[in-house]
Amino acid sequence: MSDKKLATVAVRTGIESDTQHNAVVPPIYLTSTYSFPQLGDLPQYDYSRSGNPTRNMLADALSELEGGAGGVVTNCGTAAINLLASALLGPDDLVIAPHDCYGGTYRLFNTRAGKGDFKVEFIDQSDPDVLAAALARKPKLVWVETPSNPLLRVVDVAELCEQSKQVGALVAVDNTFLSPILQQPIALGADFVVHSTTKYINGHSDVVGGVLISKEAEQAENIAWWANCIGATGAPFDAYLTLRGLRTLAPRMKMHEENSAQVLAYLQTQSLVGQIYHPSQPDHPGHDIAVKQQKGFGSMLSFELAGSYRQLEVFVSALTCFSLAESLGGTESLIAHPASMTHRAMSDEAQVEAGIKPSLLRLSVGLEDPSDLIADLEQAFKQAAEVTE
Ligand SMILES: *Cc1c(COP(=O)(O)O)cnc(C)c1O
């Protein structure tokens, strides 16, 4: 592992590594197969499901950024989660997951548990009594998502890792919302880090991808074996694009954050804005923990529209600088309605349990000029305020 700063690792991994033509930018290897030098000699690469130089370069960069021993780049973030479950869990093993985790994570764990592949319990990890009772059942894996989606609840990773270790549980952290630039779970004690690289890491909303990084080399090897076994690895072209996006991760994260701070300050002045959810807010649950374990508050934020459902509809459709879309972390700003979009796989009861109200809206603040974003919100709030039905 190098002693370089994160921005430098993101920019320079693989640069000037081409020995054939001295290309500064590493070439892309679009091949499914590789020739064997001679009969009986197993080359480093034999088939691109198991290994590909472009994909491995991205995996190495991400693993280094997260301080892991190795990573596997998968075809999407969900595949990375599924890969960990496949590699680690049997029918008697229990997973403790947060009740407000990413909707697809909830669906995956819930469905596979329903088939008897493993057991799962969804809990409020910020409630110490509930957490202690769940850990007493000796889970194999504790799944953490912090800040959580869409309410940005914060979990104390170091504390949870400490408690999990005492009962022999492994800890995996979904670090999608902050990226390694703003949070490094392995340094806080986690055994695995997962990303949907679809989001900030690629950062341009044009690739779906994921990565699973292991703290220990032995686990990394085991997981690479499983990735080949179940066919979870990503395409080289996607890896190439993601590595290109990764180059600017550090400055993008900084600017995303600056823009979201300005949007947040504006939202606080609006009468149609109810509760705001963002770790930067001093009254946000987990604000102090965020200050301790994060290197920034991130740029995802949610708020409740203090008005009728009709007003919410008018507000959302009046926006021109925020596209109504799922996903996050791209250069363009997005707005989502978790109850009907990202979290629709959850039953109404599960949504209530997780605190996801029909009035909740989630913003992924992009890299447009913040004054345009604020002006756009302003005109949309005006239109919503005029709704009388
Ligand atoms: C998007 C997302 C995922 C799933 O990733 P895909 O690339 O869409 O499969 C998992 N966790 C979080 C927090 C996400 O935002």
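Residues: numbered from 1 along the sequence shown. Note that ligands are numbered from 1 as they come in the structure, with each ligand's atoms numbered from 1 the same way.
- The Thr198 neighbourhood of ligand 1 comprises atoms 7 (O), with distances under 4.0 Å to a heavy atom of that residue.
- The single protein non-hydrogen atom nearest to atom 2 (C) of ligand 1 is Lys199 NZ, 2.5 Å, given as residue, atom name and distance.
- Less than 4.0 angstrom separates some heavy atom of Ser196 from each of these atoms of ligand 1: 1 (C), 2 (C), 3 (C), 4 (C), 5 (O), 6 (P), 7 (O).
- Lys4 NZ: 12 or fewer foreign heavy atoms inside a 6.0 Å radius.
- Contacts of Thr78 with ligand 1, taken as heavy-atom pairs under 4.0 Å, involve both backbone and side chain.
- Closest to atom 4 (C) of ligand 1, if we only count protein heavy atoms, is Tyr102 CE2, 3.4 Å.
- One distance of note links CG of Leu267 with CG of Leu363; it measures 6.5 Å at 0.5 Å rounding.
- Distance CZ/Phe237 to CZ/Arg55: 15.5 Å, rounded to 0.5 Å.
- The 12-atom threshold is not exceeded at CD of Glu16, counting heavy atoms of other residues, nucleotides or ligands nearer than 6.0 Å.
- Shortest contact from atom 12 (C) of ligand 1 to any protein heavy atom: Asp174 OD2, 3.4 Å.
- Classified by interplanar angle (parallel below 30°, tilted 30° to 60°, perpendicular above 60°), the ring pair Phe109/Phe122 is tilted.
- With 3.5 Å as the limit, one finds a donor-acceptor pair spanning the side chains of Ser299 and Tyr200.
- Below 4.0 Å from some heavy atom of Gly77 lie the following atoms of ligand 1, by number and element: 5 (O), 6 (P), 7 (O), 9 (O).
- Ligand-side atoms of ligand 1 in range of Gly209: 7 (O), range being under 4.0 angstrom from any heavy atom.
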